[in-house]
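Side chains are part of it too, since the values below use all heavy atoms of this structure and drop only hydrogens, waters and symmetry mates. Each residue takes its place number in the sequence, starting with 1.
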Amino acid sequence: MKKAQIVIGLGFGDEGKGITTDFLAQQHPESVVIRFSGGQQAAHTVMIDDKKHIHSSFGSGALRGLPSYFTKHCTIHPVFLLNERKELMEKNGNVELHIHPLAKVTTPFDVWQNRTSSKNLEHGTCGKGIGATMKRHESPYKLFAADLIAPRAMLIEKLKGIAYYYGFMEKEQIEEALNDFLKAVDEIDLKISDYNYLNSFENLIFEGSQGILLDMDHGIFPNVTYANTTSKNAYEICRLLKIEDIEMYYVTRIYSTRHGSGWMSNEKELKLENNQEETCVFNEYQKDFRLGDLDYDLLNYALLLDGAYVTATKKNLVITCLDQIDEQFKPENIKQEFDRIYGSYSPYSKDLKSLFKT
């Protein structure tokens, strides 16, 4: 019987979805890793022996050798994808990536909009064009993965329309912006596949993006992401594929984090140890990486919300970064019952251990 394992972040992102996905990939090397929200803004870190990779346009099983799949709920950016593909190939990772025909495509004009709009900068952005892409798709100026393998002349006409949508009018300016984009489309070995592709796998690992507290329906507007970060999309696909055996892996750090603008409870300075491999650091668009004490009320809130979207056969909790502060996790503060609670004590999934079993 087919089985699905769904990895969901319980906070504002950066919980440890990458290490958790790699933990499952190690146990089920015949699986496919499926991204079902977000896109190239993800920064999911996996470390295996002396290799390290930050997965954005590929699932976090790629470094371990698993193929990736991006659903229609995701975005892709051909240039970012091509650059990461080259990195993975140098690390002997698996660059097999299948993309749903209706996955949304980010263009250079979307990235420009994300990085220059004062409104976007105020609300928080990763600078990768995600929000602009999703907003544009509410207009007639859409671009899907299937368009990348359509007749080139039609693709170019659609791209010109998107350029005009953002106010680009100069022919030379548009051609220059599209040069790298079209070269990347030519270089990528694009595999456009609908959900029937997933039927060839017995174990499917669904890797969430960001966290439930950034969900566009449940986060605090306007500092939210343009995606459903709950189990909603993954569960819909499971039902489509008639998968009933669904195992949840909810992930949180032992402390709270937020990278970007917006409300955060319990924010304060924390002295961390063993965090030399931290991926989230100050950057031009998200600014400082903010920290705070773990808020158990928010954890319970996120778990309650996700339970409304998914019917699972098993529920597990993963607590990461336990080696970084002295604070101990308090399971008595969690209202949800779990089959297992795991803890990680290093950036490596091999050090992820079972702490409690009920």
Side-chain angles (χ1 to χ4, degrees), residues 18 21 32-44 46 51 53-112 114 126-130 132-134 136-137 141-163 174-198 200-201 207 209:
T21 301
V32 59
V33 176
I34 303 162
R35 288 279 308 280
F36 57 90
S37 63
Q40 60 273 9
Q41 92 281 34
H44 295 178
V46 171
K51 294 191 291 187
H53 187 74
I54 300 171
H55 298 75
S56 300
S57 298
F58 290 83
S60 293
L63 187 63
R64 195 169 287 280
L66 275 63
S68 306
Y69 185 85
F70 272 46
T71 72
K72 69 176 183 179
H73 307 286
C74 297
T75 64
I76 59 165
H77 187 303
V79 176
F80 296 155
L81 197 165
L82 178 64
N83 290 338
E84 187 176 347
R85 188 175 187 272
K86 290 176 179 175
E87 279 186 49
L88 271 170
M89 290 176 73
E90 291 173 0
K91 299 169 186 172
N92 294 319
N94 189 338
V95 295
E96 182 179 353
L97 168 65
H98 292 252
I99 304 168
H100 191 279
L102 299 183
K104 299 166 187 65
V105 178
T106 299
T107 71
F109 313 111
D110 299 309
V111 175
W112 173 86
N114 246 168
C126 297
K128 299 288 184 70
I130 304 282
T133 303
M134 302 301 281
R136 170 173 57 75
H137 267 256
Y141 295 95
K142 298 174 171 62
L143 191 71
F144 297 105
D147 292 316
L148 300 179
I149 58 172
R152 178 54 57 95
M154 189 176 83
L155 171 61
I156 291 174
E157 283 304 303
K158 289 193 173 189
L159 288 166
K160 285 180 180 175
I162 293 169
I174 295 171
E175 288 179 350
E176 182 180 349
L178 290 182
N179 191 38
D180 289 344
F181 182 91
L182 292 172
K183 281 184 179 177
V185 171
D186 289 336
E187 284 192 51
I188 300 168
D189 180 22
L190 280 168
K191 294 181 172 62
I192 309 298
S193 311
D194 63 22
Y195 293 139
N196 285 320
Y197 164 74
L198 300 176
S200 59
F201 297 90
E207 178 185 10
S209 70

Subject >> Partner residues of Arg85 under the salt bridge (charged side-chain N to carboxylate O under 4.0 Å, His left out) criterion, sequence neighbours left out >> reply: none

Original post:
Are Val46 and Thr21 close enough, and set up right, to give a side chain to side chain contact (heavy atoms under 4.5 Å, CB included), and what steps lead you there?
Top reply: CA-CA 9 Å; Val46 171; Thr21 301; over 6 Å; no

Original post:
Ignoring hydrogens and geometry, is there a side-chain-to-backbone donor-acceptor pair from Glu84 to Ser57 under 3.5 Å?
Top reply: yes

**OP:** Run the numbers on Asp147 and Lys142 for side chain to side chain contact (heavy atoms under 4.5 Å, CB included), then give the verdict.
**Re:** CA-CA 10 Å; Asp147 292 316; Lys142 298 174 171 62; over 6 Å; no

Please report, to 0.1 Å, the donor-acceptor pairs under 3.5 Å made by any side chain of residues 90-103, with sequence neighbours excluded.
{"from": "Lys91", "atom 1": "NZ", "to": "Lys52", "atom 2": "O", "distance (Å)": "2.8"}
{"from": "Lys91", "atom 1": "NZ", "to": "His53", "atom 2": "ND1", "distance (Å)": "2.9"}
{"from": "Asn94", "atom 1": "OD1", "to": "Glu96", "atom 2": "N", "distance (Å)": "2.8"}
{"from": "Asn94", "atom 1": "ND2", "to": "Gly65", "atom 2": "O", "distance (Å)": "2.8"}
{"from": "Glu96", "atom 1": "OE2", "to": "His98", "atom 2": "NE2", "distance (Å)": "2.9"}
{"from": "His98", "atom 1": "ND1", "to": "Ser193", "atom 2": "OG", "distance (Å)": "2.8"}
{"from": "His100", "atom 1": "ND1", "to": "Leu102", "atom 2": "N", "distance (Å)": "3.0"}

**OP:** Flag yes if more than 12 heavy atoms outside Lys183 fall under 6.0 Å of its NZ atom; otherwise flag no.
**Re:** no

Original post:
What's the spacing between Leu66 CG and Phe58 CZ if we round to 0.5 Å?
Top reply: 13.5 Å

Original post:
For the residue pair Cys74 and Phe70, what are the closest heavy atoms and their distance?
Top reply: CB-CD2, 3.7 Å

Original post:
Should the heavy atoms of other residues, nucleotides or ligands under 6.0 Å from NZ of Lys72 be counted, would the total exceed 12?
Top reply: no

Subject >> Shortest non-hydrogen separation from Leu159 to Phe109 and the atoms involved >> reply: O-CE1, 3.8 Å

Subject >> Glu175 CD to Lys160 NZ distance, which is reported to the nearest 0.5 Å >> reply: 7.0 Å

**OP:** Measure the spacing between OG1 of Thr133 and NZ of Lys104 and express it to the nearest 0.5 Å.
**Re:** 9.5 Å

Subject >> Distance, nearest 0.5 Å, that separates OH of Tyr69 from CZ of Phe201 >> reply: 11.0 Å

Subject >> Short side-chain to backbone donor-acceptor contact, Asp110 and Thr107, under 3.5 Å >> reply: yes

Subject >> Heavy-atom closest pair, residues Ser68 and Gly59 >> reply: OG-N, 2.9 Å

Subject >> Euclidean distance, Leu143 CG relative to Leu148 CG, rounded to 0.5 Å >> reply: 6.0 Å

Contacts table for residues 75-82: side-chain donor-acceptor under 3.5 angstrom, sequence neighbours left out:
{"from": "Thr75", "atom 1": "OG1", "to": "Gln40", "atom 2": "OE1", "distance (Å)": "3.0"}
{"from": "His77", "atom 1": "ND1", "to": "Val79", "atom 2": "N", "distance (Å)": "3.1"}
{"from": "His77", "atom 1": "ND1", "to": "Phe80", "atom 2": "N", "distance (Å)": "3.4"}

**OP:** Rounded to the nearest 0.5 Å, what's the gap from NZ on Lys51 to CG on Leu63? Could you check?
**Re:** 5.0 Å

**OP:** Answer yes or no: does atom OH of Tyr195 have more than 12 heavy-atom neighbours from other residues, nucleotides or ligands under 6.0 Å?
**Re:** yes

**OP:** Test Val105 against Phe181 for side chain to side chain contact (heavy atoms under 4.5 Å, CB included), laying out the working first.
**Re:** CA-CA 11 Å; Val105 178; Phe181 182 91; 3.9 Å; yes

Subject >> Flag, side chain of Arg35 to backbone of Ser56, donor-acceptor distance under 3.5 Å >> reply: yes

